[in-house]
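For reference, the structure discussed in these notes is given below.
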Amino acid sequence: MSDADAPKDFIRQIVADDLEGGRHQRIITRFPPEPNGFLHVGHAKAICLNFGIAAETGGQCHLRFDDTNPVKEEEEYARAIEEDVRWLGFDWGEHLYHASDYFDTLYAWAEHLVENGNAYVDEQSPDLIREQRGSLTEAGQESPHRDRPTAESLDLFRRMKAGEFADGAMVLRARIDMASPNLNLRDPVIYRILHQAHPRTGDRWCIYPMYDFAHGQSDAIECITHSLCTLEFENHRPLYDWLVEHLPVPARPRQIEFSRLNLSFTVTSKRKLLRLVEQGLVDGWSDPRLPTLSGMRRRGYPPEAIRDFCHKVGVTKYEGVTEVALLEATVRDTLNPVTPRRLAVLRPLKLVITNYPEGHSETVEAPNHPGDAEMGTRQIAFGREVYIEASDFMQDPPKKYFRLAPGAEVRLRYAYNVTCDEVVRDTAGEVIELRCSYDPESKGGGGRKVKGIIHWVSAAAAVDAEVRLYDHLFNRPDPEQGGDYLDHLNPDSLEIVQAKVEASLADEDPLQRFQFERSGYFRRDPQQPERLVYNRVVALRDGWAKIQAKAKT
RNA sequence: UACCGGAUGGUGUAAUUGGCAGCACAGCAGGUUUUGGUCCUGCUAGUCGGGGUUCAAGUCCCUGUCCGGUAGCCA
C-alpha cells in the first residue's frame with residue numbers, strides 16, 4: 001500500500017492504467033520459480049514486484065513452480081523456495097500452483113494445435129533440427145515432416161505420450177514460420193520425450209512441455225493479468241502471444257519484461273551460485289556471504305531491509321549494476337533505530353589499570369540505545385583488568401589518531417578515563433598488555449573531555465565468543481568480467497576471530513540482533529545455536545578507515 | 001551482420017507525459033555527539049552524438065553511435 005502519489009515504475013503505471021481503463025477489475029500476478037536452485041536477491045526483486053503490485057491493488061499473487069523439466073528439478077528446492085518467500089514477508093494464501101498441475105490441459109491443447117494444423121511431430125535428430133533453424137541472419141529450412149497429415153502427427157504424438165519412443169526420438173513442434181527473424185518462432189519444440197519420473201506426477205508422463213508451451217498457458221489458466229518476467233524473455237513474447245491466440249485459453253495475460261537485478265562484488269545467477277556451492281567454495285546455499293535469501297537470512301539481514309532495497313532499486317528495462325553499498329546502507333538504516341547496543345571486543349588486548357584497587361569490581365550503567373532512552377539501560381561489570389580492541393592502541397600514532405598510545409588518555413565508554421603509562425611486549429615484540437592509570441573522578445563522563453572514546457569489556461566478567469566477519473565474496477565489483485569469475489574470489493571474505501563479549505549476551509534471545517558499539521551489527525549464527533558464534537550482519541560506516549585510506553594516497 | 005530492447009551525475013532512479021533536471025547511495029567539506037556511529041548542513045557531479053519541430057525538448061521527428069538479448073529437445 002504505497003503512496004498513491006508516489007511515482008510509479010513503468011509496470012505499475014501500466015497496471016494502474018489497466019485498472020483505470022476498466023481492462024481489469026482485479027490484478028493477478030505470479031512469481032514462477034523453477035525449483036532447481038535457491039532464491040537470491042535478484043528473485044527478491046521479482047517477488048517484491050509481483051506480490052507488491054498485488055497487495056497495492058488489492059489483487060492476488062500466485063506462487064507457481066515452473067516444474068516442466070524433471071531432469072533438473074527437486075522437491076527440496078521447492079520447499080526452500082517457499083520458506084524464502086515467506087521469510088521475505090509474502091503470502092500466497094491458497095494460491096500455490098505448479099505448471100505440472102496443468103499437464104492434462106497442456107496435453108489437450110497440444111492436440112488442439114495439431115488438429116488445427118498448427119503443430120506437427122518431427123522425428124528428425126536434435127542436430128538436424130538445430131541446423132535447419134538457420135542462423136541469426138539466415139532463414140531456417142522447413143522440416144520434411146512439416147506438412148505431414150494431421151492424423152499422422154496426432155497418432156505419433158499420442159504414441160509419444162504412450163511411451164513408444166525413446167528420449168529424443170521425436171518432438172512436437174509448433175508450426176509457425178521458419179523464416180521469422182525471431183528464432184523463437186521458427187517452429188519451436190513444444191513437447192519433448194523425457195522418460196524421467198517427475199517429483200509431483202511420478203511416472204504418469206514421459207513427455208513434458210517446454211517452457212514456452214507451459215508458462216503462458218499456466219498464466220492464462222490462472223487468469224494472470226500481468227505476467228512479469230526478466231528481459232531475456234522479451235524475444236519469447238511473440239511466441240507467448242501466438243500460443244495464447246491459437247489456444248482455447250480462458251484469459252489473455254500480458255507479458256511485461258523488466259531488467260534483472262545485478263549487484264556489484266557478487267554474482268546473481270543460479271548457475272554461478274551452484275558452482276560455488278558444488279565446489280565447496282562456500283558453506284552451502286546459505287553461506288552468509290552469498291546473495292541467496294537463505295544466506296542473507298543466516299547472516300542476519302532483516303527481510304524488511306531487503307524489501308526496502310528492492311523498492312529503492314526500482315523497476316526499469318535498463319540493465320545496470322547496483323552498488324552493493326546501497327544494500328548495506330539499507331540494512332544499516334533498518335537496523336540502526338531498533339537495535340540494542342552492546343560492548344564486544346573483537347581482537348582483545350589486555351589493559352590493566354594499575355591504580356585501580358586490587359580485587360575490587362563495580363558496575364557501570366550504559367544505555368541500550370544512545371538515541372532512544374525508551375530502550376532503557378543496563379549495568380556492565382567493570383574491574384581492574386579489561387580488554388580493549390587491539391586496533392585502539394598504536395605505539396606511534398599518526399596525526400589525528402584519537403585512541404590509545406603511550407601517554408595518551410582516552411575514555412572507556414560509559415566508564416572511566418584511562419591514560420597509557422606502559423606497554424608490555426612479549427619476546428617477539430608483540431604488544432600483549434597495556435598498563436594504565438585511571439581517573440576515579442571521571443566515572444560516567446566526569447573528568448577531562450577527551451577525543452578518544454573506546455569500547456571495552458571486563459576481563460573477569462566477559463565471555464568468549466567466536467565472531468565471523470564477512471567481506472565481499474569477490475574482490476572486484478564486476479567478477480563476471482575478465483575471465484572466470486572464480487578467479488576473482490576474495491580470499492579474505494571470511495575472517496573468524498575469538499572475541500570477548502559482555503557476559504549478558506550469552507543469555508539473550510539468539511535471534512536478537514545487536515550493535516557491537518563502534519563495530520557493526522551482529523547476530524548469533526542460527527546454524528550453530530549450541531555455541532556462542534556471531535555473524536557480522538554489516539559493519540558500521542568507518543570514518544577512521546577513510547581518513548587512513550586518504551593518508552596513504 | 002537479422003530481429004528485439006536499452007542509453008539521465010561514479011551507481012540506482014524521478015521529471016505532473018512538451019514547462020525551473022529532483023531523490024537516494026557513493027564521494028567531499030563542515031556542525032552536533034561519551035560510538036571516527038547516528039543525526040544535521042552544504043558541496044561536487046548528469047540528459048550518448050548530430051540535425052530538426054517549438055516561445056520552450058530528457059520528453060516529439062530524422063539520423064548516427066554505443067551497449068545488451070536471441071540460433072536448448074533449459075527456464
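If you're wondering where the values come from, they're calculated on a predicted model, not measured in any experiment. A note on names: the letters A, B, ... follow the listed sequences, proteins ahead of strands, and every chain is numbered from 1.
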Which nucleotide in B:A71, B:A26, B:C28 has an atom nearest any side-chain atom of A:A329: B:A26
Sugar-phosphate, base or nothing in reach of A:G371, heavy atoms under 4.0 Å: nothing
For B:G72, glycosidic torsion class - syn if within 90° of 0, otherwise anti: syn
N or O in side chain of A:K550 less than 4.0 angstrom from B:A29 OP1/OP2: yes
Where the chi angle of B:U17 falls, syn if within 90° of 0 and anti if not: syn
Residues A:E123 and A:R148 bridged, charged N to O under 4.0 Å: yes
Any A:R271 side-chain nitrogen or oxygen under 4.0 Å from OP1 or OP2 of B:A75: no
side-chain N/O A:R541 vs B:U38 OP1/OP2, d < 4.0 Å: yes
Earlier contact from the 5' end, RNA chain B, for A:G314 and A:K443: A:G314
Phosphate OP1/OP2 of B:G36 contacted by A:R411 side-chain N/O (<4.0 Å): no
N or O in side chain of A:R130 less than 4.0 angstrom from B:G72 OP1/OP2: yes
Distance below 4.0 Å between A:R192 side-chain N/O and B:A75 OP1 or OP2: yes
Donor + acceptor pair across side chains of A:S442, A:R448 (<3.5 Å): no
Under-3.5 Å donor-acceptor pair between A:H311 side chain and B:A24 base: no
Sugar-phosphate only, base, or nothing, as touched by A:V321 at under 4.0 Å among non-hydrogen atoms: sugar-phosphate
Under 5.5 Å and under 30°: A:W544 stacked on B:G36: yes
Sugar-phosphate, base or nothing in reach of A:S264, heavy atoms under 4.0 Å: nothing
Passing option when A:Y107 is tested against A:F157, A:Y208, A:Y102, A:F213 for ring pair (Phe, Tyr, Trp, His ring centres under 6.0 Å): A:F157
Residue met sooner reading RNA chain B from 5', once A:V315 and A:S519 are mapped to nucleotides: A:V315
Sugar-phosphate only, base, or nothing, as touched by A:N235 at under 4.0 Å among non-hydrogen atoms: base
Sugar-phosphate, base or nothing in reach of A:Y318, heavy atoms under 4.0 Å: sugar-phosphate
